[in-house]
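To keep things clear, I will list the structure first and then write my remarks on it.
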Amino acid sequence: MTAQLNARGDVAVLVPAAGAGLRLGPGGPKALRSLAGEPLLVHAVRRIAAAPSVRLIVVAAPAPEVEAVRALLAPIAPVTVVPGGAERQHSVAAALAAVPVGVDVVLVHDAARALTPPELIESVAAAVRSGHPAVIPVLPVVDTIKEVGPGEVVLGTVDRSVLRSVQTPQGFRHEVLAAAHAAGLDAHTDDAGMVEKSGTPVICVPGSELAMKITRPLDLILAEALLRAT
Ligand code: CTP
Ligand code: MG
């Protein structure tokens, strides 16, 4: 059944999905690769559409796949599909351009985090709505982290208590994300990183194990297991 979005919602979700998926190995663009019989992007969009305050979903698809992605997602939810760019931030910028003024909260959410629960989308949006201009979901870092120098010689152990692993959706007041993009794209930082550079405070909220990013073949196996367990 096609999901309905909330016409009175205040949230747009941008879904960069135009990556090649090189680290996943051969098999086509990652967002279109199958997880338990359905493309990652379908899993992701279904969960985004289930978040009650979402009014608009904009997917940045690989340019040659735009029509195919429109057809794929039409039965899932009403989605705007635009061609993505060469780097993730170009894809985010293309999707952002499709968000009308008047939508106050903009979330940026990787298609590769296909199992992200609607509750996390809502909690990030709620934190922005409550007055934080920029919000990121995070988890504590579990491994010991070493700083290393030339020749893989250990220089020291990093204090893990001050580190966080960052997920998506990252949430912003619309004008804050628009201003960060207008100030110039940096392909090597995430959306929150671009906002940080402008001096805007970014706050953390608790992330979710289910929002893991599917990057390597092992992650597909883990995601299938998570899907069965939930
Ligand atoms: N992405 C995008 N446009 C790009 C590159 C990435 O929209 N030019 C999207 C991906 O589709 C993904 C998200 O950004 O949903 C996070 O990127 P990543 O996990 O690195 O995905 P890929 O770039 O596809 O994978 P890889 O780096 O292994 O090629
Ligand atoms: Mg990539």
Side-chain angles (χ1 to χ4, degrees), residues 12-35 38-49 51 54 56-70 72-73 76-77 79-99 106-117 120-121 124 136-139 165-172 177 180-181 184-195 207-224 226-227:
V13 184
L14 316 182
V15 188
L22 295 178
R23 288 170 289 178
L24 206 50
K30 180 160 69 180
L32 301 178
R33 298 281 287 269
S34 174
L35 168 65
E38 290 185 300
L40 291 183
L41 184 58
V42 167
H43 288 279
V45 166
R46 191 181 287 130
R47 286 164 178 76
I48 296 165
V54 172
L56 179 70
I57 301 172
V58 186
V59 171
E65 308 290 343
V66 166
E67 281 310 322
V69 166
R70 270 187 198 129
L72 177 72
L73 296 178
I76 309 296
V79 169
T80 304
V81 182
V82 300
E87 301 281 351
R88 181 180 176 282
Q89 292 303 47
H90 299 119
S91 299
V92 173
L96 180 60
V99 180
V106 178
L107 268 47
V108 185
H109 183 41
D110 293 332
R113 297 182 189 271
L115 301 185
T116 301
L120 184 63
I121 292 160
V124 170
I136 58 175
V138 302
L139 291 178
S165 225
V166 179
Q167 302 181 317
T168 73
Q170 301 191 348
F172 308 92
L177 186 62
H181 274 259
L185 284 190
D186 177 347
H188 301 292
T189 62
D190 63 355
D191 309 285
M194 290 183 14
V195 168
S208 164
E209 301 286 1
L210 285 167
M212 63 172 284
K213 184 154 75 78
I214 296 166
T215 305
R216 302 149 301 166
L218 172 66
D219 300 319
L220 269 181
I221 296 168
L222 296 174
E224 290 221 23
L226 273 174
L227 201 53

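We count ligands from 1, going down the list as the structure has it; atoms in each ligand are counted the same way. We number each residue from 1, following the sequence as shown. Since the model is a prediction, treat every value here as computed from it, not as a measurement.
At a threshold of 4.5 Å between non-hydrogen side-chain atoms, the residues L14 and D191 do not count as touching.
Residue contacts with ligand 1 for P16 involve both N, CA, C or O and side-chain atoms from C-beta outward (heavy atoms, distance under 4.0 Å). Under 4.0 Å from ligand 1, the heavy atoms of A86 that appear belong solely to its backbone. Residue contacts with ligand 1 for R23 involve both N, CA, C or O and side-chain atoms from C-beta outward (heavy atoms, distance under 4.0 Å). Of the heavy atoms in K213, only side-chain atoms (C-beta onward) come closer than 4.0 Å to ligand 1.
I48 approaches I121 most closely through the heavy-atom pair CA-CD1, 3.7 Å. Shown here for P62 and P29, the closest heavy-atom pair between the two residues is CG-CB, 3.8 Å. Looking at every heavy atom in both residues, A60 comes nearest to S91 through CB-O, 3.5 Å. Nearest heavy atoms, P39 versus L32: CB-O, 3.8 Å.
Nearest to atom 13 (C) of ligand 1 among the protein's heavy atoms is D110 OD1, 3.3 Å. Protein heavy atom at the shortest distance from atom 29 (O) of ligand 1 is L22 N, 2.7 Å. Distance from atom 3 (N) of ligand 1 to its nearest protein heavy atom, with residue and atom name: S91 OG, 2.7 Å. The single protein non-hydrogen atom nearest to atom 21 (O) of ligand 1 is K30 NZ, 3.2 Å, given as residue, atom name and distance. Among protein heavy atoms, atom 7 (O) of ligand 1 sits closest to A18 N, 2.8 Å. In terms of protein heavy atoms, atom 24 (O) of ligand 1 is closest to G21 N, 2.9 Å. At the shortest separation from atom 17 (O) of ligand 1 among protein heavy atoms lies R88 CD, 4.4 Å. Nearest protein neighbour of atom 10 (C) of ligand 1, counting heavy atoms only, is G19 N, 3.6 Å.
Heavy-atom distances between A17 and ligand 1 reach below 4.0 Å in at least one pair. Heavy atoms of G84 come nearer than 4.0 angstrom to ligand 1 in no pair at all.
Atoms of ligand 1 found under 4.0 Å from any heavy atom of A20 (numbered from 1 in listed order, with element): 24 (O). Of all atoms in ligand 1, numbered sequentially from 1 with element shown, those under 4.0 Å from a heavy atom of E87 are 4 (C), 8 (N). Which parts of ligand 1 touch A112 is read off a 4.0 Å heavy-atom cut-off, strictly below it: atoms 15 (O).
For E224, the CD atom counts as densely surrounded, since its 6.0 Å shell holds more than 12 non-hydrogen atoms of other residues, nucleotides or ligands.
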Original post:
Hey, mind stepping through L227 and L35 against side-chain contact (heavy atoms from CB on, under 4.5 Å) and telling me if it holds?
Top reply: CA-CA 9 Å; L227 201 53; L35 168 65; 4.3 Å; yes
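Distance check: R33 CZ to I214 CD1 gives 11.0 Å after rounding to the nearest 0.5 Å. Expressed to the nearest 0.5 Å, how far CZ of R113 lies from NZ of K213 amounts to 6.0 Å.
Taking distance alone, with nitrogen or oxygen atoms compared against 3.5 Å, A31 stays at or beyond that limit from ligand 1.
Side chain of Q89 to main chain of T189: a donor-acceptor pair is present (N/O by atom type, distance under 3.5 Å, no hydrogens or angles). For Q170 (side chain) and L107 (main-chain N/O), no donor-acceptor pair under 3.5 Å exists by modelled atom type.
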